[in-house]
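Each chain gets a letter, A, B and so on, in the order its sequence line appears, and its residues count up from 1.
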Number of protein chains: 2
Amino acid sequence: MKAPPWKVGELAKRTGMSVRALHHYDEIGLLQPALRTPTGHRLYDASDIQRLQQIQSLRLMGISLDEVKRLLDGAAVSPRQVIDMHLARVHEQITAHARLAERLTALALHLDAAAIGSVDDLCLIIEAMTTMEKYFTHDQLAVLRERQTSVGDTRIQAVQDEWAELIPAMQRAMDGAVDPASPDVVALARRWKALVDEFTGGDSGIGKAVMTMYEHEGAALKEKLGNVPTPAMFAYVGRAMKHL
Amino acid sequence: MKAPPWKVGELAKRTGMSVRALHHYDEIGLLQPALRTPTGHRLYDASDIQRLQQIQSLRLMGISLDEVKRLLDGAAVSPRQVIDMHLARVHEQITAHARLAERLTALALHLDAAAIGSVDDLCLIIEAMTTMEKYFTHDQLAVLRERQTSVGDTRIQAVQDEWAELIPAMQRAMDGAVDPASPDVVALARRWKALVDEFTGGDSGIGKAVMTMYEHEGAALKEKLGNVPTPAMFAYVGRAMKHL
DNA sequence: GTAAAGCCTCACGCTACGTGAGGATCAAGG
DNA sequence: CCTTGATCCTCACGTAGCGTGAGGCTTTAC
């Protein structure tokens, strides 16, 4: 156990820092050794060592070198404030990362469900997720995910096929100006409602969100899904449903 | 709604990116516009725009530009792997930040309790916390924090004063080679046990951790706390306790 | 005395751009 | 045709906290 002052390598070994880091601290004026040998070698004395321990303590709490310097040099900033502000920043980071993790987990689920290999498909799914997050609340998305896994792939495919048949049929009725109260249209509306209820799990908020989404994103969705309901069609179906 | 190809400013406005970011993507070969005007102005065509959308999607998931490039260019890496590995990284970050937040919160508590203003004291507390985390488990630390708040400052001070009296007394008994079974020493041991029990809340693991800590950190603690028990003293007290 | 180890000072590299600097080009009006 | 303001171009530095050499002195140990 040699006594101080120590050379940079010795100090590094004893504190677990790298020599480069100590050089860096010297460069930025965070820890400048009290002495130098005539040949320019750094010599750290006891007070330098203590300061380094303080630096290490503060760094362990994730405080930036800049703030460490401000804390140790000028007492102008209160430690308490620094800690509080830093804690707030850390909490922000945590929530941001937590959201990201949630999205990534959901994405992984979709990847499993859809047996996707291509990057193009991956991006489409991300895009769809992003769009949906704009219209559905967090809870609603959780409900939809739960339903997705519970009903199973085959049923989902069947539902998609039925929509692919139902929407054009409804469109033809509208184009032909058929009375929404007519038995044929009401029958279509009944199937429509059944599909919607199955999708939403009876949550009317989800149904509304879907309509809002189609309203705002109609053009974009049409390109990707083929046939999609228009706002006019929602109104038409709504009238037909009054006669269920 | 002008049709593509678009100039960089136009693309930036429509996608919400900055012109500089698009320049950057060009520089690193992530998104190089299909065309340039004879004077060098970038012209992005439809496929460029689609690629940019994919880039934005992947970036929204927190994927680095480098990995985005690898994903979009060479299909050599599977999307699924990338997502999984990225998710793992994010989870690591979350746990690291969560630990940090926990430490900061505990630190804020100590600051409140000790009415600390100086940076020196702040660092001492951090150092103490760091040391204790090496010897106590997470649960044990939670117990100690809980006990700290429940017993109150005045009692803590009283306990410290009693230790300050008890330890030298025990040391004198040891120095005088007094039989640990003697009534005086047993009486001291009784007080000792009461203090320990109050501190540990009856958790024997905590008591052992304290002993291990004093054993390893004896010298460092002695400087800061004044008189501290030595391993020999623990043994002596242990023998005395057999006669309680 | 010599070789190995340790020290010094540059200086580039990493992430994903922000922010000018200095100059060419484009679109619209006089 | 000329001007003017908006837009475009290409450098190039700055960010946080060092890692990792390069090239050249000093110290230490045999």
Taking [atom1] from [X] and [atom2] from [N], how many angstroms apart are they, rounded to a whole number?
X	N	atom1	atom2	result
B:I28	C:dA16	CD1	C1'	8 Å
B:Q56	C:dC17	CD	C1'	15 Å
A:E10	C:dG6	CD	P	10 Å
B:R14	D:dT7	CZ	P	14 Å
A:D26	C:dC7	CG	P	14 Å
B:I55	C:dT15	CD1	C1'	16 Å
B:H23	D:dA12	NE2	P	16 Å
A:Q32	C:dC8	CD	P	13 Å

Could you check whether A:E102 and A:H138, counting side-chain N and O atoms only, form a donor-acceptor pair closer than 3.5 Å?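 Yes, A:E102 and A:H138 have a side-chain donor paired with an acceptor closer than 3.5 Å.
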Carboxylate-amine/guanidinium proximity below 4.0 Å for B:E27 and B:R20: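 So B:E27 pairs with B:R20 through a salt bridge.
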Between A:D48 and A:R42, is there a salt bridge with N-O shorter than 4.0 Å?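 A salt bridge is absent here (no side-chain N lies under 4.0 Å from a carboxylate O).
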So, is B:R42 close to the D:dC8 phosphate, meaning a side-chain N or O under 4.0 Å from OP1 or OP2?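 Result: no.
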Each nucleotide in nucleotides 16-30 of chain D should get exactly one letter: B, S or -. Can you fill that in based on protein heavy atoms under 4.0 Å? -BBBB-----SS---
Is the ring pair A:H216/A:Y135 parallel, tilted or perpendicular, if the boundaries are 30 and 60 degrees?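 The rings of A:H216 and A:Y135 sit tilted, inter-plane angle from 30° to 60°.
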If you look at every heavy atom in [X] and [Y], which pair is closest and at what distance?
X	Y	answer
B:H86	A:L104	CD2-CD1, 3.5 Å
A:C123	B:S57	O-OG, 3.8 Å
A:Q54	B:D120	NE2-OD1, 3.0 Å
A:L31	A:R51	CD1-CD, 3.9 Å

Divergence of helical axes at both termini of the helix from C:dG1-D:dC30 to C:dG30-D:dC1 - five pairs an end, 10° steps: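 Answer rounded to 10°: the end axes differ by 30°.
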Does A:K134 NZ have over 12 foreign heavy atoms under 6.0 Å away?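 Buried by this count: over 12 neighbours within 6.0 Å.
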